[in-house]
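Side chains included, hydrogens not; waters and symmetry mates left out as well; all remaining heavy atoms used. Just follow the structure's listing: the first ligand is 1, and inside any ligand the first atom is 1. Owing to the predicted nature of the structure, the values given are computational and were not obtained by experimental measurement.
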Amino acid sequence: MGSYRIGVLLGDDIGPEIVPQAVAVLGAAVESSPGLELQFVDMPIGAYAYETTGYTLPPGTLERLAELHGWILGPLGHAAYPRNDPNAINPHPIIRRHFDMYANIRPSRSLPGVKAMHDGVDLVIVRENNEGMQPDRNMHKGSGEFMPTPDIALSTRVITRKGSERIARAAFELARARGQARAASGQSHPCGVRARVSVVHKRTVFKLTCGLFVDTALEVAQQFPEVEVDDHHVDSFAMVLAMKPQRFDTIVVTNMFGDILSDLAAGLVGGLGLAPGLNVGDRYAMAQATHGSAPDIAGRNIANPYAIIVSAQMLLAWLGQRHADEAAVSAAQKIDQAIELALSQDGIRTADLGGSATTDQFGLAVIQRLCSRQ
Ligand code: ATP
């Protein structure tokens with residue numbers, strides 16, 4: 001097929017600075033990939049959409065997204081949206097739910113020459129995206145959080161067999177693919193295994209909810225004999241993750257635990273600027289960095305675009321896999337290599353990594369590496 005329509009939703013604060021870098025990198029990858037075509041479709045969202053249309057998620061957005069193959073969503077500064085206006089909602093949980101994007105794939109890996117707390121990290125957190133503790137998405141209607149009296153606040157945690165089964169399957173399939181890729185390139189994982197899934201939970205306390213999650217994941221594990229499996233309590237797991245992150249390969253976890261652990265994992269390899277993510281369902285995928293809209297550094301051209309560029313690269317790789325499209329897979333690999341060279345050979349670093357490169361210069365360095373491969 002080789003021709004894809006990709007939505008571009010800039011988002012807030014640093015979004016309009018970093019998202020265009022990701023689009024430019026994808027565009028440059030197309031230039032060096034015969035047989036691959038990307039058409040970008042701009043769509044307003046967030047504060048800008050609110051100013052111009054009166055809605056943070058303008059009517060018709062979901063219908064237009066459904067006509068695309070995937071999209072890049074910039075960070076949303078929803079905490080600053082007007083309170084008590086039903087048109088000023090946080091759009092991203094709605095989009096994730098509407099398109100049934102149940103898996104949030106968040107890799108953390110050590111990058112060449114980037115000083116961080118740890119070296120040799122190569123892990124990926126597979127976080128359940130649409131249930132768990134998050135009250136803005138775990139109910140069919142209404143909120144999972146409520147106050148029966150002014151002095152009592154309650155929150156509901158939702159774990160389903162279906163949700164647990166499909167996030168576990170996504171994790172085992174990913175671990176198997178990572179193992180196969182390592183074997184093909186003659187590399188091994190720092191922890192010495194071919195492929196392993198670690199199931200993270202707190203079933204000693206959440207006997208029913210975490211119990212259902214772990215039991216379901218272990219049932220799925222039986223269909224993947226080539227992938228090792230272990231399980232960990234989330235509290236001790238957090239300690240080992242902080243001290244020995246090289247021990248982990250693929251981690252499958254419920255929504256809120258996964259949100260917290262993925263920020264921790266980002267911190268181990270250099271910070272939120274290095275934390276990409278892909279939201280995946282059975283039909284659609286959405287590139288979305290782990291970090292927020294970073295209002296404290298917005299408008300200064302200093303934000304690190306790495307996370308959104310890699311998120312877009314993951315989207316391209318996903319499209320390639322889904323459509324068995326060698327050109328898209330290979331273009332995604334080229335972007336990966338270009339980023340690695342820009343970091344290791346050109347020493348490009350934004351301020352969060354102790355450097356002085358601007359957002360634009362980072363994007364340009366990756367593009368120059370991509371173009372020099374032709
Ligand atoms: P959210 O809850 O929406 O995820 P947050 O509260 O986690 O947001 P962020 O907006 O992610 O907060 O910012 C946390 C810190 O990380 C800030 O100091 C911000 O400047 C920094 N940061 C986030 N993203 C980047 C980036 N791409 N480049 C450099 N620094 C970043």
**Message:** I'd like to know whether Asp136 forms a salt bridge (Lys or Arg N to Asp or Glu O under 4.0 Å) with Arg97, so could you lay out the CA-CA distance, the side-chain angles of the two residues, the decisive distance to 0.1 Å, and finally the verdict.
**Reply:** CA-CA 10 Å; Asp136 57 356; Arg97 276 285 295 226; over 6 Å; no
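Summary of contacts: the protein heavy atom closest to atom 31 (C) of ligand 1 is Ile297 CD1, 4.0 Å. The nearest protein atom to atom 3 (O) of ligand 1, hydrogens excluded, is given as Gly292 CA, 3.6 Å; this is a heavy-atom distance. Among protein heavy atoms, the minimum distance from atom 15 (C) of ligand 1 is reached at Leu272 CD1, 4.3 Å.
Between Glu226 and Arg176 there is a salt bridge, with a side-chain nitrogen of the basic residue lying less than 4.0 Å from a carboxylate oxygen of the acidic one. In summary, Arg178 and Asp122 engage in a salt bridge, as defined by a charged side-chain N under 4.0 Å from a carboxylate O. A salt bridge between Asp231 and Arg203 is absent, with no side-chain N of the basic residue lying under 4.0 Å from a carboxylate O of the acidic one.
Within a 4.0 Å radius of atom 28 (N) of ligand 1, the protein contributes one or more non-hydrogen atoms. Within 4.0 Å of atom 5 (P) of ligand 1, not a single protein heavy atom is present.
Of the polar atoms of Asn304, at least one N or O is found under 3.5 Å from an N or O of ligand 1, judged by distance alone. Checking only distances, Leu76 never comes within under 3.5 Å of ligand 1, N or O to N or O. Where the criterion is an N or O separation shorter than 3.5 Å, residue side chain and backbone included, Asp296 meets it with respect to ligand 1.
Residues Leu123 and Arg109 have side chains not in contact (no heavy-atom distance under 4.5 Å, counting atoms from C-beta outward).
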Give every donor-acceptor pair under 3.5 Å between a side-chain atom in residues 7-23 and any protein atom, sequence neighbours left out.
from: Asp12; atom 1: OD1; to: Ala47; atom 2: N; distance (Å): 2.8
from: Asp12; atom 1: OD2; to: Gly77; atom 2: N; distance (Å): 2.8
from: Asp12; atom 1: OD2; to: Tyr81; atom 2: OH; distance (Å): 2.5
from: Asp13; atom 1: OD2; to: Ser293; atom 2: OG; distance (Å): 2.7
from: Glu17; atom 1: OE1; to: Asn301; atom 2: N; distance (Å): 2.9
from: Glu17; atom 1: OE2; to: Gly299; atom 2: N; distance (Å): 2.5
from: Gln21; atom 1: NE2; to: Asp360; atom 2: OD1; distance (Å): 3.0

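Aromatic ring orientation, His323 versus Tyr4: tilted (interplanar angle from 30° to 60°).
The heavy atom nearest to atom 10 (O) of ligand 1, considering only Gly15, Pro75, Ala294, Ala307, is found in Ala294. Here atom 7 (O) of ligand 1 lies nearest to Asp263 when heavy atoms of Asp263, Ile308, Asp12 are compared.
Listed by number with element, the atoms of ligand 1 under 4.0 Å from a non-hydrogen atom of Ile14 are 27 (N). Annotation for ligand 1: atoms under 4.0 Å from non-hydrogen atoms of His291 are 11 (O), 23 (C), 24 (N), 27 (N).
For an aromatic pair to be called close, the ring centres must be under 6.0 Å apart, and Trp71 with Phe40 fails this.
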